[in-house]
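Report on the following structure.
Order of the sequence lines sets the chain letters (A, B, ...), proteins ahead of strands, with each chain counted from 1.
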There are 2 protein chains.
Amino acid sequence: MRTLAEENYLKAIYNLSQNETGATASKLSEKLNVKLPTINSMVNKLADKELVEYKKYKGFILTEKGKKQALEVIRKHRLTELFLVKIMGFGWEEVHDIAEEVEHIKSPLFFEKMDLILSNPKYDPHGAPIPDKNGKLPKTNLKLLSNIEIGKTVRFVAVSDSSSDFLSYLSRVGISLYSSIEIIDREVFDGLLKIKVNNITTTLSGQVAEKILVE
Amino acid sequence: MRTLAEENYLKAIYNLSQNETGATASKLSEKLNVKLPTINSMVNKLADKELVEYKKYKGFILTEKGKKQALEVIRKHRLTELFLVKIMGFGWEEVHDIAEEVEHIKSPLFFEKMDLILSNPKYDPHGAPIPDKNGKLPKTNLKLLSNIEIGKTVRFVAVSDSSSDFLSYLSRVGISLYSSIEIIDREVFDGLLKIKVNNITTTLSGQVAEKILVE
DNA sequence: TATATTTGTTAGATAAGTCTAACAAATTAT
DNA sequence: ATAATTTGTTAGACTTATCTAACAAATATA
Ligand SMILES: [Mn+2]
Ligand SMILES: [Mn+2]
Ligand SMILES: [Mn+2]
Ligand SMILES: [Mn+2]
């Protein structure tokens, strides 16, 4: 049986390895709020179970088996988030923490029912793709809002931060998923961005623009 | 923080102490599928936390504090079961095991939303009352079908066993919650019961009749 | 290159929850 | 009343997941 802790490690390693920087012990430590030696012993355990490949002092990556298991948990997480928003009426900024718990429910039936009720959904409320039953993910080719040239208009399709603070901020300034965003101007010094959304002009900081994924 | 194991013990102790026999170590052991020494050490821990009152070799009972916590978990369990049936379309025989997991979700918001969606429900799909936010339960005065006199007609309002096996059996023989049941005859030797439900005559064993609560 | 800083590892401790083996108390049967 | 059986307790071990303290390797800085 896979434990709750193991599931969280697998998921975190998967998510970290999507970045160019890859999964290192210190990054995991920060992400999971767990001290380095704990990461060390846990990653060793996962390596024994052949879920991660691990060389001392080098980073680590998921094996195929590990990736498959990580994607199972990610599927549960994202299905849950969508269910919470669509069926239970939660706001997109409220669901991540709840899903962080619900994703560990073992019952496959529970999630199959969600999938059925939501008619095989492809994306969660933050625009992230929901892996299918076999762990397949659609290839997406998203860009950061912070990298789009001035003058272009793009579609906001996902966020890379699902924290309540960030999402509430976006809602507050009137930016919601699938909005069209026109890049009016960008300050070279700090990336401060002037955009137009729904005919309203707003200014976003560089940090915020880096968390907004567009196509 | 209350752990998952603690929550299961509190709930089991509460349920056992509803029977005349009360909560003993061996009954808990059987109910939770855990060996006796484990029960012993856990009950000692709960006593330290002032959740149960405990005298060596005598049984144990929940303190007010313990009862309140048990009822919180029971509320989550029963709300979940009803949500699964009413909103997610599960059958009444499928929900107990799932609820056994979901009841441990910490997020209060999650259950408040269920309560809202279900409009403050009073009973779960097995006829058991759902404690309100303060742990209050309606007084019910139910009888066992096995004790009803011949000739009477009663209303089936709850079961005392939510196992899939038992509930599937009831569905199979066409007995559903809130049916009217007429007692046609009872065999003195073994309690074998002849009843009429929806104008169909059926025979139930004594064991089954003891798990059916009526008014 | 030598030193300082960051990152990773080992050792050892702790808490939660479980187990088996051995024993003791209470209850039931003879 | 004694013996047998059931029920409860203690002792000690194990696993999982975490921590701190001490140390080692790798990387960055001077
Ligand atoms: Mn999320
Ligand atoms: Mn989680
Ligand atoms: Mn139940
Ligand atoms: Mn449970």
Side-chain angles (χ1 to χ4, degrees), chain A residues 1-14 16-17 19-62 66 69-70 73 100-101 103-106, chain B residues 1-14 16-17 19-62 66 69-70 73 100-101 103-106:
Chain A
M1 240 305 76
R2 212 164 49 193
T3 65
L4 184 149
E6 268 178 33
E7 293 193 337
N8 284 335
Y9 279 85
L10 288 172
K11 199 157 59 90
I13 294 169
Y14 179 90
L16 284 175
S17 55
N19 306 339
E20 323 73 57
T21 40
T24 65
S26 53
K27 291 241 217 55
L28 251 195
S29 167
E30 203 196 343
K31 186 150 181 156
L32 294 172
N33 261 295
V34 146
K35 296 289 187 264
L36 267 172
T38 308
I39 300 295
N40 206 263
S41 73
M42 196 66 171
V43 169
N44 269 293
K45 204 181 309 173
L46 293 173
D48 287 349
K49 294 192 176 183
E50 301 191 301
L51 295 168
V52 308
E53 208 118 4
Y54 171 61
K55 297 268 140 126
K56 271 192 189 180
Y57 287 100
K58 312 288 160 198
F60 32 84
I61 52 168
L62 294 175
Q69 295 200 16
V73 183
E100 203 58 50
E101 294 194 70
E103 68 190 1
H104 304 292
I105 301 285
K106 302 286 175 298
Chain B
M1 243 301 78
R2 211 164 47 191
T3 67
L4 184 148
E6 267 178 32
E7 292 193 338
N8 284 336
Y9 279 84
L10 288 173
K11 199 157 60 87
I13 294 170
Y14 179 89
L16 284 176
S17 55
N19 306 338
E20 324 73 54
T21 41
T24 66
S26 52
K27 291 242 218 54
L28 251 195
S29 168
E30 202 196 342
K31 185 148 182 157
L32 294 173
N33 260 297
V34 145
K35 296 289 187 260
L36 266 172
T38 309
I39 299 295
N40 207 263
S41 74
M42 198 65 173
V43 169
N44 269 292
K45 205 181 304 174
L46 294 172
D48 287 351
K49 293 191 175 183
E50 301 191 302
L51 296 168
V52 307
E53 208 119 2
Y54 171 59
K55 297 271 141 126
K56 272 193 189 177
Y57 287 99
K58 311 289 162 196
F60 32 84
I61 52 169
L62 294 175
Q69 295 200 15
V73 183
E100 203 59 50
E101 294 193 71
E103 68 189 1
H104 304 291
I105 301 286
K106 301 285 174 302

Heavy-atom distance under 4.5 Å between the side chains of V34(A) and Y9(A), does that happen here?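 V34(A) reaches Y9(A) side chain to side chain.
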Measure the [atom1]-[atom2] distance between [X] and [Y] for me, rounded to the nearest 0.5 Å.
{"X": "T3(B)", "Y": "M42(B)", "atom1": "OG1", "atom2": "CE", "result": "4.5 Å"}
{"X": "I13(A)", "Y": "L46(A)", "atom1": "CD1", "atom2": "CG", "result": "5.5 Å"}
{"X": "L28(A)", "Y": "N8(A)", "atom1": "CG", "atom2": "CG", "result": "11.0 Å"}
{"X": "I39(A)", "Y": "N44(A)", "atom1": "CD1", "atom2": "CG", "result": "11.5 Å"}

Ignoring hydrogens and angles, tell me if any N or O in the side chain of S17(B) forms a donor-acceptor pair with the backbone of G22(B) under 3.5 Å.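 Not at all, since once roles are kept as given, no pair shorter than 3.5 Å links the two residues.
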Under the rule for side-chain hydrogen bond (donor to acceptor under 3.5 Å, both in side chains), what residues qualify as partners of K106(A), not counting sequence neighbours?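 In terms of side-chain hydrogen bond (donor to acceptor under 3.5 Å, both in side chains), with neighbours along the sequence ignored, K106(A) is linked to no residue.
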Applying side-chain hydrogen bond (donor to acceptor under 3.5 Å, both in side chains), name anything that partners E101(A), two or more places apart in sequence or on another chain.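 E101(A): no side-chain hydrogen bond (donor to acceptor under 3.5 Å, both in side chains) contacts found.
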Sequence-distant partners of Q69(B), side chain to side chain contact (heavy atoms under 4.5 Å, CB included), two or more places apart: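 Residues passing side chain to side chain contact (heavy atoms under 4.5 Å, CB included) with Q69(B): R2(B), L10(B), L51(B), K65(B).
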Does N33(B) have any side chain to side chain contact (heavy atoms under 4.5 Å, CB included) partners at least two apart in sequence or in another chain, and if so, which?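 With neighbours one apart ignored, the set is empty.
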Could you list the donor-acceptor pairs under 3.5 angstrom formed by side chains in residues 55-62 of chain B, with sequence neighbours left out?
none

Partner set under salt bridge (Lys or Arg N to Asp or Glu O under 4.0 Å) for K27(B), not counting sequence neighbours: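 Testing K27(B) for salt bridge (Lys or Arg N to Asp or Glu O under 4.0 Å), a comparison that skips the adjacent residues, returns none.
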Summarise how protein sits on nucleotides 20-27 of chain C as a single string, 5' to 3': B when a protein heavy atom is under 4.0 Å from the base, S for sugar-phosphate-only contact, - for no contact. BB--BSS-
Residues E100(A), K11(A); criterion side-chain contact (heavy atoms from CB on, under 4.5 Å); working and verdict: CA-CA 11 Å; E100(A) 203 58 50; K11(A) 199 157 59 90; 2.8 Å; yes
Watson-Crick or G-U stems of DNA chain D, 3 or more pairs, under 3.5 Å, by first number: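 Counting only runs of 3 or more consecutive pairs, the stems involving DNA chain D are C:1-30 with D:1-30.
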Scan residues 26-33 of chain A against DNA chain C and write down, sorted by residue number, each residue with any heavy atom closer than 4.0 Å; if none is found, say none.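 Of all residues in residues 26-33 of chain A, the ones placing a heavy atom under 4.0 Å from DNA chain C are S26(A).
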Strand-adjacent residues in residues 40-54 of chain B, judged by heavy atoms under 4.0 Å from DNA chain C: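 Those residues are S41(B), M42(B), K45(B).
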So which pairs with a foot in residues 30-48 of chain A pass salt bridge (Lys or Arg N to Asp or Glu O under 4.0 Å), sequence neighbours left out?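 Non-adjacent pairs meeting salt bridge (Lys or Arg N to Asp or Glu O under 4.0 Å): zero.
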Nearest to the side chain of V34(A) - dT18(D), dG8(D), dA17(D)?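 The answer is dT18(D), which lies nearest to the side chain.
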Can you sort out which residues in residues 4-14 of chain A have a heavy atom within less than 4.0 Å of DNA chain D? Ascending by number, please.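 By residue number: A5(A), Y9(A).
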